[in-house]
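Structure first, then comments.
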Amino acid sequence: MKKNIIAMNASIMIGLGSILAAPSVYAESISDLEKQKESIQEKRSGVESNISDTEKKIDSLQDKQMTAEDQIAAIEAKIAESAKKIDAKNAEITQTKKEIEALKEEIKVLKERIAKRNEVLKERALSFQETGGDVNYLEVLFGSSSFGDLVDRVGAVATIAEADRDILKQHELDKKDLEEKQKAVETKLASLEVAKAELLEIQKQQKQQKQEKDALVKKLKQQTEKHEHEKMGLEEEKANLAAQEKAIKSAISLEHQRLAELEAARKKAAAEAKKRAEQEAAQAAAQASQATETKKQSTSSGYSAKSNSSSSSSPASSNVSQAPAVSSGTFTRPSAGYVSSTMGERWNKQHAGIDIAASGTVPVVAAADGVVSRSYFSSTYGNVVFVTHSISGQQWTTVYAHLSSRQVGEGAVVAKGQQVGIMGNTGHSYGQHLHFELHKGSWNYSKSNAVNPLNYIPN
């Protein structure tokens with residue numbers, strides 16, 4: 001019984017024909033398995049190198065992101081400083097405008113004062129015209145009652161003339177002061193407006209620089225997320241390759257055991273054949289001797305032959321409810337149901353397999369003999385089982401995703417049609433179905449080895 005189990009397990013794992021074939025065929029199969037193992041090891045090495053390169057890219061992008069964020073912080077500090085300066089200029093402009101309003105009041109007073117002086121000067125001019133200018137002095141000379149009075153009159157005239165000159169002088173000074181104040185305030189206001197405009201332009205440039213840096217940081221974050229996603233996919237591929245390598249090693253080990261058992265069975269069969277030949281020769285000799293003895297006897301004797309019948313029973317096969325019948329081709333249908341989605345582009349992404357949908361409790365079976373390389377819960381696949389197959393020297397990988405439950409663990413040997421789980425709706429899934437992938441070679445993140453399962457399984 002033990003020998004039969006080992007032989008069956010080896011046959012299941014490598015799928016290379018009958019266990020009664022010549023040993024040379026299996027030796028060749030082991031060589032093929034060794035080549036597959038080496039190929040997987042090379043792929044793992046390549047994936048590890050890609051992971052290392054991706055990590056370097058992520059580190060570089062994060063360094064650039066930190067630098068850009070530091071620059072943004074510096075720009076924000078400059079923007080804040082510019083804002084303070086603009087506020088200060090606005091305060092100065094407000095104060096200057098207040099000064100202008102106050103100056104307007106002063107100007108109003110000065111204008112009133114100038115207007116009054118103009119009236120006085122007009123009166124003086126009119127008086128001068130009417131008297132001819134010198135009449136005042138004659139009146140002073142002839143109208144004085146005494147010399148002292150004359151002196152007083154002359155002094156009064158001189159005082160009036162001096163006052164007129166002062167009025168004219170002050171008039172000119174006031175006008176000049178007014179013009180200077182107006183010019184100074186206007187110049188100050190214009191200067192403040194120019195300074196404010198310059199600060200606003202600087203602030204505008206700083207905000208534009210910040211926007212550019214914000215856009216750069218956003219772009220760097222997107223690139224980092226993209227590479228991190230790629231890294232996760234590569235790590236997933238690395239884990240699958242490691243599991244497949246382990247499965248191939250297990251297949252090689254069991255195949256060696258199977259060959260050893262097969263050789264022992266062959267030797268035992270030869271020994272038993274030799275023993276049977278010897279027994280048959282002895283039996284023939286005994287029968288010949290008995291026949292000779294019978295002829296010597298004068299009486300005949302009859303003999304009756306008894307025949308024994310034996311009945312054999314084969315174990316009844318139990319079909320799991322709704323499980324598809326196992327086909328005779330290389331691959332059998334993995335579950336009952338209808339194909340709800342085929343392989344190809346879907347939702348702007350590549351759909352690397354087919355979807356088979358059905359309701360109720362639907363068993364999912366292995367499409368071919370193989371070894372379970374992975375059995376775990378994935379955020380996208382949900383409950384998923386990966387099976388590695390080696391058929392006629394070619395490695396294949398089948399994927400059974402979105403299962404409600406898994407019934408096989410990693411390293412388990414499964415036969416074609418053996419149940420591996422129950423159809424479900426786990427992971428990134430909408431409605432109960434089986435997502436089934438077939439890869440000619442090992443599974444990888446880009447799914448470049450995926451082939452259309454409808455070209456290999458019964459419809």
Side-chain angles (χ1 to χ4, degrees), residues 4-5 7-21 247 251 312-343 351-375 381-392 394-409 412-426 429 431-440 450-459:
N4 292 335
I5 291 173
M8 182 188 71
N9 286 348
S11 176
I12 286 172
M13 283 189 294
I14 61 175
L16 292 171
S18 171
I19 59 172
L20 298 177
S312 61
S313 62
S314 58
S317 59
S318 59
N319 292 325
V320 179
S321 177
Q322 299 185 43
V326 178
S327 64
S328 59
T330 304
F331 295 98
T332 192
R333 189 180 178 87
S335 76
Y338 67 96
V339 177
S340 60
S341 182
T342 57
M343 182 174 177
H351 188 230
I354 63 172
D355 292 342
I356 302 175
S359 59
T361 303
V362 185
V364 175
V365 302
D369 301 341
V371 178
V372 177
S373 52
R374 294 208 75 187
S375 177
Y381 279 138
N383 280 314
V384 62
V385 172
F386 286 70
V387 179
T388 298
H389 316 271
S390 182
I391 303 171
S392 299
Q394 173 64 52
Q395 181 188 348
W396 297 80
T397 306
T398 50
V399 180
Y400 312 80
H402 307 314
L403 304 174
S404 64
S405 62
R406 293 172 278 118
Q407 297 182 348
V408 289
V413 178
V414 293
K416 181 180 182 182
Q418 179 180 337
Q419 187 170 341
V420 296
I422 301 292
M423 185 185 291
N425 187 30
T426 58
S429 169
Q432 178 172 295
H433 70 284
L434 166 68
H435 175 73
F436 177 68
E437 294 178 13
L438 178 61
H439 299 262
K440 193 173 184 179
V451 295
N452 191 348
L454 294 179
N455 295 333
Y456 295 86
I457 66 171
N459 292 328

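- In this structure, H439 contributes its side chain and E437 its backbone to no donor-acceptor pair below 3.5 Å.
- Atoms NE2 and CG, on H389 and L438 in that order, are 7.5 Å from each other to the nearest 0.5 Å.
- Q432 places a side-chain N or O within donor-acceptor distance of the main-chain N or O of A358, the cut-off being under 3.5 Å.
- For the pair L434 and M423, the tightest heavy-atom approach, listed with the atom from each and the gap, is N-CG, 3.8 Å.
- In plain terms, the two heavy atoms of A352 and A450 that are nearest each other are O-CB, 3.8 Å.
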Run the side-chain contact (heavy atoms from CB on, under 4.5 Å) check on I354 and I457 step by step: do they pass? CA-CA 11 Å; I354 63 172; I457 66 171; 4.1 Å; yes

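- Looking at F331 and I391, their side chains come closer than 4.5 Å, going by heavy atoms from C-beta outward.
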Do T398 and V385 pass the side-chain contact (heavy atoms from CB on, under 4.5 Å) test, and can you show the C-alpha distance, the side-chain angles, and the key distance before you say yes or no? CA-CA 8 Å; T398 50; V385 172; over 6 Å; no

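- Using cut-offs of 30° and 60° for the angle between ring planes, the F386 and Y381 rings count as perpendicular.
- Interatomic distance, F436 CZ to I356 CD1, rounded to the nearest 0.5 Å: 7.5 Å.
- Side-chain N or O atoms of R406 include one that pairs as donor or acceptor with a backbone N or O of S375 at under 3.5 Å.
- A pairwise comparison of heavy atoms in P334 and P324 identifies C-CG, 4.3 Å as the closest pair.
- The nearest pair of heavy atoms linking H351 to T342 is ND1-O, 2.9 Å.
- The nearest pair of heavy atoms linking V362 to A336 is CG1-O, 3.9 Å.
- In plain terms, the two heavy atoms of A366 and T332 that are nearest each other are O-CG2, 3.6 Å.
- Side-chain atoms of H435 and S429 include no donor-acceptor pair closer than 3.5 Å.
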Decide yes or no on side-chain contact (heavy atoms from CB on, under 4.5 Å) for T388 and Q395, but give the supporting numbers first. CA-CA 7 Å; T388 298; Q395 181 188 348; 3.9 Å; yes

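- Using modelled atom types, one side-chain atom of Y400 and one backbone atom of A367 make a donor-acceptor pair closer than 3.5 Å.
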So I422 and Q407, side-chain contact (heavy atoms from CB on, under 4.5 Å) or not? Walk me through it. CA-CA 8 Å; I422 301 292; Q407 297 182 348; 3.9 Å; yes

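- Side-chain atoms of T426 come within 3.5 Å of backbone atoms of L403 as a donor-acceptor pair (strictly under, hydrogens ignored).
- Not a single donor-acceptor pair under 3.5 Å links the side chain of H402 to the backbone N or O of G424.
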